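Nothing here was measured: the structure is a model prediction, and the numbers come from that model. Whatever order the structure lists ligands and atoms in, that order sets their numbers, starting from 1. Sequential numbering from 1 along the given sequence is applied to the chain's residues.
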Amino acid sequence: MRRPLVAGNWKMHGSRAENGALLEGLLSKVDTAKTDVLVCVPFVYLAEIAYQLRGKPIKVGAQSLCAEAQGAFTGEVSAAMLKDVGCEYVLVGHSERRSLYNEDDALVARKYMAAQSQGLIPVLCVGETLAQRDANQCFAVVETQLAAVIKAAGIASFANAVIAYEPVWAIGTGRTATPDQAQEVHAFIRQVLAKYDATLANAVRVLYGGSVKGANAAELFAMKDIDGGLVGGASLKADEFLKICAAAG
Ligand code: PGA
């Protein structure tokens with residue numbers, strides 16, 4: 001009953017020419033009868049891509065946003081601006097934002113709320129580093145990351161959000177969590193939410209991210225609590241991304 005979602009995270013890749021070719025490849029074959037498909041693109045291309053995808057089956061998202069509504073925040077982009085150019089989703093708390101740009105749980109929660117305040121759907125990314133996993137802190141880390149958002153935004157906010165479990169050690173490393181490892185954490189995420197609201201915990205989509213490819217997507221998506229993927233590297237190649245989308249449907 002949870003509709004799968006496959007989200008591409010292009011990160012800082014692409015050009016107008018490359019994006020055009022990639023989207024053309026995707027649009028020619030994508031089948032969204034059973035799966036939602038989303039591309040999260042760099043800010044500068046958002047308006048153009050949202051315009052190109054008007055009325056098309058692929059949805060558009062941003063990769064980050066500013067927690068503030070407007071004002072003297074040079075270089076930042078607000079939720080209202082994202083909404084204004086046709087964006088529907090936005091990644092919040094991606095591990096690269098957390099580790100490279102020092103976004104802590106409190107800031108991530110503020111960004112999540114800023115997104116929802118404009119009707120954008122935040123894709124809240126959580127996940128542990130390798131050191132944390134090795135120290136058996138995976139569940140504690142994920143729970144803390146979720147708790148910060150639950151505390152700030154309230155459990156009801158998850159009716160309009162997506163969660164992505166992305167173990168940091170699996171991102172861009174070619175090392176994927178096994179389906180069982182991922183399933184265990186996905187089930188745990190639902191357990192954490194269920195302490196507040198069991199219905200919402202069951203309804204929220206929880207994506208897996210971290211070296212998802214055409215070759216491993218089906219076994220991951222077959223797990224009970226995995227509702228699709230957040231895909232980095234493999235989202236840059238139309239055929240590979242389409243295989244992943246097909247595996248979710
Ligand atoms: P990856 O990236 O698929 O290249 O591992 C996933 C992500 O960072 O969202």
Yes or no: does G174 have any heavy atom under 4.0 Å from an atom of ligand 1? no
Answer with yes or no whether the side chains of Q116 and N160 bring together a donor and an acceptor at under 3.5 Å. no
Please report the closest heavy-atom contact between L120 and A79, naming both atoms and the distance. CD1-O, 3.6 Å
Determine whether the side chains of Q181 and Y208 contain a donor N or O and an acceptor N or O closer than 3.5 Å. no
Decide whether a cation-pi geometry holds between R54 and Y51; the criteria are a distance under 6.0 Å from NZ or CZ to the six-membered ring centre and an angle within 45° of the ring axis. yes
Flag yes if more than 12 heavy atoms outside M81 fall under 6.0 Å of its CE atom; otherwise flag no. no
Could you tell me which atoms of ligand 1, counted from 1 in the order shown, lie closer than 4.0 angstrom to a heavy atom of H94? 7 (C), 8 (O), 9 (O)
R175, K11, E166: member with heavy atom nearest to atom 2 (O) of ligand 1: K11
Under 4.0 Å from any heavy atom of L230, which atoms of ligand 1 are there? 6 (C), 9 (O)
Give the atoms of ligand 1, by number and element, whose distance to some non-hydrogen atom of G210 is under 4.0 Å. 5 (O)
Heteroatom proximity flag, I171 to ligand 1, N/O under 3.5 Å: no
Consider every N or O of T173 and every N or O of ligand 1, then say whether any pair is closer than 3.5 Å. no
Once you restrict to heavy atoms under 4.0 Å, what part of N9 touches ligand 1? Side chain, backbone, both or neither. side chain
Nearest non-hydrogen protein atom to atom 4 (O) of ligand 1, with distance, is G233 N, 2.8 Å
Do R98 and E166 meet the salt-bridge criterion of a basic N to acidic O distance under 4.0 Å? no
Pairing donors with acceptors under 3.5 angstrom, does anything connect the side chains of H94 and Q63? no
Ignoring hydrogens, just give me the one of S235, G209, G232 whose non-hydrogen atom is nearest atom 3 (O) of ligand 1. G232
Less than 3.5 Å between some nitrogen or oxygen of G172 and one of ligand 1, yes or no? yes
Tell me if a side-chain donor or acceptor on Q132 pairs with a main-chain N or O of T129 at a distance below 3.5 Å. yes
Classify the contact between A170 and ligand 1 as side chain, backbone, both or neither, using a heavy-atom distance cut-off of under 4.0 Å. backbone
